[in-house]
Amino acid sequence: MAAAAELSLLEKSLGLNKRNKYSAQGDRQIPVLQTNNGPSLTGLTTIAAHLVKQANKEYLLGSTAEEKAIVQQWLEYRVTQVDGHSSKNDIHTLLKDLNSYLEDKVYLTGYNFTLADILLYYGLHRFIILEKFIRGFWITDQLFKEKLVIL
């Protein structure tokens, strides 16, 4: 799913009525949002955090210092580890690692649903629809079937 489409879905999920128009920059098509109040915002996670704040749902960014750090960690994971990986081995390793991590958690930060859960879902969605990659990853599968019916 292209970043602009993800950001549009996030706007809708957050209940934002005003839809933004996004452009893309560079070979990797990094999303850019031109704001009315100043400079443009660049990058999926930067824009997503901005949208969360616009929607007054800052709890999605974490409620404690530790949770905020974990959210940031998973947002970085999304951009550095999920985006751009498309080989079967990469996907298998990524899902295996995620499955292990989620073994004793409900959400990525533990028990609170955050922006990290949303963006990781969006990033992994293309792999989820290819069921041959997801078989055997019960926890990941459960996360997407049950826990990410969002907001």
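Numbering starts at 1 and runs along the sequence shown.
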Requested in this report: Indicate, with yes or no, if L16 and L119 share a hydrophobic cluster defined by side-chain heavy-atom contacts under 4.5 Å among Ile, Leu, Val, Met, Phe, Trp and Tyr.
Outcome: yes
Query - Joint hydrophobic cluster, Y121 plus L14, side-chain heavy atoms closer than 4.5 Å - result: yes
Query raised in the report: Listed by chain and number, what are the side-chain contact (heavy atoms from CB on, under 4.5 Å) partners of K21, not counting sequence neighbours?
Result: none
Report task. Answer whether the closest heavy-atom distance between the side chains of L120 and L98 falls below 4.5 Å. Result -> yes
Query raised in the report: Just wondering, do V106 and F113 contact through their side chains at under 4.5 Å, heavy atoms?
Result: no
Query raised in the report: Should K12 and R19 be marked as a side-chain contact (heavy atoms from CB on, under 4.5 Å) after you check the CA-CA gap, both sets of side-chain angles, and the distance that decides it?
Result: CA-CA 8 Å; K12 187 175 180 180; R19 299 289 186 245; 3.7 Å; yes
Requested in this report: Tell me, please, which residues at least two apart from S40 pass side-chain hydrogen bond (donor to acceptor under 3.5 Å, both in side chains).
Outcome: none
Query raised in the report: Is the closest side-chain heavy-atom distance between I70 and W74 below 4.5 Å?
Result: yes
Query raised in the report: Any idea which heavy atoms bring L75 and A116 closest together, and the distance?
Result: CD2-CA, 3.8 Å
Query raised in the report: Got a sec, which residues hit ring-ring contact (aromatic ring centres under 6.0 Å, His included) with Y22, two or more places apart in sequence or on another chain?
Result: none
**Report entry** side-chain contact (heavy atoms from CB on, under 4.5 Å) partners of E76, counting only residues at least two apart
**Finding:** Q72
**Report entry** Those residues that, when tested against Q73, pass side-chain contact (heavy atoms from CB on, under 4.5 Å) (two or more places apart)
**Finding:** none
Query - S100/D97 under side-chain hydrogen bond (donor to acceptor under 3.5 Å, both in side chains): CA gap, chis, key distance, verdict - result: CA-CA 5 Å; S100 294; D97 291 348; 5.7 Å; no
Requested in this report: Validate the cation-pi geometry between K105 and Y107: distance from NZ or CZ to the six-membered ring centre under 6.0 Å, angle to the ring axis within 45°.
Outcome: no
Report task. Verify side-chain contact (heavy atoms from CB on, under 4.5 Å) between L41 and V32, making sure each step is shown before the conclusion. Result -> CA-CA 6 Å; L41 301 175; V32 177; over 6 Å; no
Report summary line: Separation between OG1 (T93) and CG (N89), nearest 0.5 Å, reads 6.0 Å
Requested in this report: Evaluate the side-chain proximity of Q54 to N20: yes if any heavy-atom separation is below 4.5 Å, no if none is.
Outcome: yes
Query - Cluster check L7, I30: I/L/V/M/F/W/Y, side chain < 4.5 angstrom - result: no
Query raised in the report: Below 4.5 Å, heavy atoms only, C-beta onward: do H50 and T35 meet side chain to side chain?
Result: yes
Query raised in the report: Which heavy atom in Q29 sits nearest to a heavy atom in A24, and how many Å separate them?
Result: OE1-CB, 3.1 Å
Report task. Rounded to the nearest 0.5 Å, what's the gap from CZ on R78 to CG on D83? Could you check? Result -> 4.0 Å
Report task. For the residue pair D90 and L94, establish whether any side-chain heavy-atom pair is separated by less than 4.5 Å. Result -> no
Query - Heavy-atom side-chain proximity of L10 to I118 below 4.5 angstrom - result: yes
Query raised in the report: Which distance, rounded to the nearest 0.5 Å, do you find between the CG of L115 and the CG of L51?
Result: 9.0 Å
Report summary line: For T109, the side-chain hydrogen bond (donor to acceptor under 3.5 Å, both in side chains) test, sequence neighbours excluded, returns none
**Report entry** same_hphob_cluster(Y122, L33) at 4.5 Å side-chain heavy-atom cutoff
**Finding:** yes
Expected list for residues 60-69: side-chain donor-acceptor pairs under 3.5 angstrom, two or more places apart:
residue : atom : partner : partner atom : Å
S63     : OG   : E67     : OE1          : 3.1
T64     : OG1  : E67     : N            : 3.0
E67     : OE1  : S63     : N            : 2.7
E67     : OE2  : N112    : ND2          : 2.7

